[in-house]
Peer 1: 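The structure that follows is given in the form of structure tokens.
This structure is a prediction, so every number in the text was calculated from the model and none was measured. Position 1 is the first residue of the sequence; numbering continues from there.
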Amino acid sequence: RNLIGSSDIINTRYASLSKASTSEDVDLSLDLKDLPVNISQIAISPSKTKLFSLMSDGVRGIFSNIDGGSAVGIFDTPFKEWLATWPEEKTILLNTKPSGFAPGFAYFLNTQTKQITRILGDIYGLTTLASPDLSTILFSESGSGLFTLNAYDTKYNFRYEVPLRTLPEKCVWAKTEKNVIYCAVPENIAFSTYPDVWYQGQINFADSIWKYNLQTGESREISNIQNEFGQVIDAINLSISPSDDYLIFTNKVDLTLWGIQLVEPVKKIQINPLDAINSSSTSTSTASSTR
């Protein structure tokens, strides 16, 4: 995605990578296809086969194949300021763009029925991150110059505070462990209007990576980034590997890509068969002498 020239027109393209194998090597070609201009927000389905596009003129929400084909409108509203994520195959999460000066709202949009359901509302500085099964929604709330991270249980309809002072945009749900999140947590937070000053780049954070279990309350610091990398990183766009062994994120300050190994690698030890036999013989001799 990029701006066309010096204009404010947003250009979005879909890229398909194809392979042509020969006897000697593999040639890769990148096929580009233009999507409609001025798409303000994009969300991709968990299966990576569908696309939800929010157009800036209206706003219209378009449901299509990943390459923009078979497009159909499923959302239409006069309000323009929206954020979109796609946590579950049939459900899109729509969030009004957040500000510490105004209450925010969050809705579920069913991609099949086009039905919109209000989930959260009247919360200042509201941003959200839904779990893959939609059972829990992480959300932020601003006030008194700071912000809190909270969780909303969609089944039992109750909220509770999460003891990590960070934003949902700095978290990701674990793939193999239910109710577990990994979050980039700022070491220090200055009093100001959040998330406005952070979105505007007036304030950047120095993060550590934490693991937290929403069910048991167990928390553990995975990495003190500044100590381990020797660099201050304000982590965004967190993603995790299918086995929960690698965490990838972007430094908001300079858009560089970083990764952390969450699980210690298994050490492989090669044993010489003769050593194993000698070791077994020694053990037998020792046992015999002991008797």
Side-chain angles (χ1 to χ4, degrees), residues 1-18 30-99 102 104-121 126-134 137-140 167-173 195 199-200 236-239 248-250 252 255 257:
R1 309 187 70 202
N2 62 284
L3 295 177
I4 298 177
S6 58
S7 70
D8 292 330
I9 300 175
I10 303 172
N11 183 43
T12 305
R13 290 189 289 178
Y14 165 77
S16 175
L17 191 65
S18 58
L30 195 64
D31 301 319
L32 299 175
K33 180 179 179 180
D34 288 327
L35 297 178
V37 295
N38 278 336
I39 296 175
S40 62
Q41 289 284 317
I42 281 183
I44 299 173
S45 66
S47 64
K48 306 295 188 291
T49 60
K50 299 295 182 180
L51 187 70
F52 178 72
S53 308
L54 277 173
M55 311 304 293
S56 58
D57 57 342
V59 168
R60 293 176 295 127
I62 307 299
F63 178 78
S64 68
N65 294 332
I66 191 70
D67 62 355
S70 302
V72 60
I74 62 171
F75 180 67
D76 195 359
T77 174
F79 300 103
K80 294 185 178 182
E81 302 297 319
W82 295 96
L83 299 175
T85 56
W86 201 329
E88 191 268 338
E89 199 63 35
K90 298 178 182 178
T91 309
I92 293 167
L93 178 57
L94 294 171
N95 200 124
T96 54
K97 286 190 176 180
S99 172
F105 299 83
Y107 303 86
F108 281 155
L109 171 61
N110 188 298
T111 59
Q112 295 184 340
T113 66
K114 304 180 184 180
Q115 181 180 357
I116 299 176
T117 305
R118 174 173 160 174
I119 304 300
L120 294 165
L126 175 68
T127 60
T128 56
L129 179 68
S131 62
D133 62 359
L134 304 181
I137 299 177
L138 293 178
F139 70 94
S140 60
L167 296 166
E169 300 94 314
K170 300 172 75 66
C171 296
V172 65
W173 291 92
Y199 271 52
Q200 295 162 2
I236 57 172
N237 301 330
L238 278 70
S239 62
I248 306 298
F249 51 87
T250 302
K252 182 175 178 289
L255 301 183
L257 191 65

Peer 1: Are Gln41 and Leu83 close enough that some pair of their side-chain heavy atoms sits under 4.5 Å apart?
Peer 2: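 The answer is yes, as the side chains (C-beta and beyond) meet within the 4.5 Å cut-off.
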
Peer 1: Identify the heavy atoms of Gly104 and Thr96 that sit nearest to each other, and give their distance.
Peer 2: CA-OG1, 3.4 Å

Peer 1: Can you see which heavy atom on Leu167 is nearest to which on Pro195, and at what distance?
Peer 2: CD1-CB, 4.5 Å

Peer 1: Look at the rings of Phe63 and Trp86 and say which category their plane angle falls in: under 30° parallel, 30 to 60° tilted, over 60° perpendicular.
Peer 2: tilted

Peer 1: Can you give me the closest heavy-atom contact between Lys170 and Leu238, atom names plus distance?
Peer 2: O-CD2, 3.4 Å

Peer 1: With sequence neighbours excluded, give me every salt bridge (charged side-chain N to carboxylate O under 4.0 Å, His left out) pair touching residues 81-92.
Peer 2: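 Residue pairs with at least one partner in residues 81-92: Glu81-Lys97.
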
Peer 1: Given side-chain contact (heavy atoms from CB on, under 4.5 Å), test Phe108 with Leu93 step by step and report yes or no.
Peer 2: CA-CA 5 Å; Phe108 281 155; Leu93 178 57; 3.8 Å; yes

Peer 1: Can you tell me how far the OG atom of Ser53 sits from the CD1 atom of Ile39, to the nearest 0.5 Å?
Peer 2: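 Nearest 0.5 Å value for the OG-CD1 distance: 4.0 Å.
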
Peer 1: Roughly how far, to the nearest 0.5 Å, is CG of Leu109 from CH2 of Trp82?
Peer 2: 10.0 Å

Peer 1: Would Ile10 and Leu3 count as a side-chain contact (heavy atoms from CB on, under 4.5 Å) here? Give the steps.
Peer 2: CA-CA 5 Å; Ile10 303 172; Leu3 295 177; 4.0 Å; yes

Peer 1: State, to 0.1 Å, how close Ile66 and Ile44 come at their nearest heavy-atom pair, and which atoms those are.
Peer 2: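 Closest approach of Ile66 to Ile44: CD1-CG2, 3.8 Å.
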
Peer 1: With rounding to the nearest 0.5 angstrom, report the NZ to CG distance, Lys50 to Asp67.
Peer 2: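 It is 9.5 Å, given to the nearest 0.5 Å.
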
Peer 1: Which atom names give the shortest non-hydrogen contact between Lys252 and Tyr199, and what distance separates them?
Peer 2: NZ-O, 4.3 Å

Peer 1: Within this structure, what is the CG-CZ distance for the pair Leu120 and Arg118, rounded to the nearest 0.5 Å?
Peer 2: 8.5 Å

Peer 1: Mind running side-chain contact (heavy atoms from CB on, under 4.5 Å) on Phe249 and Val172 for me, showing each step along the way?
Peer 2: CA-CA 10 Å; Phe249 51 87; Val172 65; over 6 Å; no

Peer 1: Quick one: CD1 on Ile116 to CZ on Phe75, what's the gap to the nearest 0.5 Å?
Peer 2: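 Answer for the CD1-CZ pair, Ile116 versus Phe75, is 4.5 Å.
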
Peer 1: Search all heavy atoms of Pro46 against all heavy atoms of Pro87 and return the closest pair with its distance.
Peer 2: CG-O, 3.7 Å

Peer 1: Applying side-chain contact (heavy atoms from CB on, under 4.5 Å), run through Phe139 and Asn95 and close with a yes or a no.
Peer 2: CA-CA 10 Å; Phe139 70 94; Asn95 200 124; over 6 Å; no

Peer 1: Using the rule side-chain contact (heavy atoms from CB on, under 4.5 Å), only one of Thr128, Leu129, Thr85 pairs with Pro168; which is it?
Peer 2: Leu129

Peer 1: Output side-chain donor-acceptor pairs under 3.5 Å for residues 11-18, partner residues at least two apart or in another chain, one line each.
Peer 2:
residue, atom, partner, partner atom, Å
Thr12, OG1, Arg1, NE, 3.2
Ser18, OG, Ser29, O, 3.4
Ser18, OG, Ser29, OG, 2.6

Peer 1: Within a radius of less than 6.0 Å around CG of Asp8, do more than 12 heavy atoms belonging to other residues, nucleotides or ligands occur?
Peer 2: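 Not buried by this count: 12 neighbours or fewer within 6.0 Å.
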
Peer 1: Please report the interatomic distance CG(Asp133) to OG1(Thr91), rounded to the nearest 0.5 Å.
Peer 2: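 One finds 11.0 Å between CG of Asp133 and OG1 of Thr91.
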
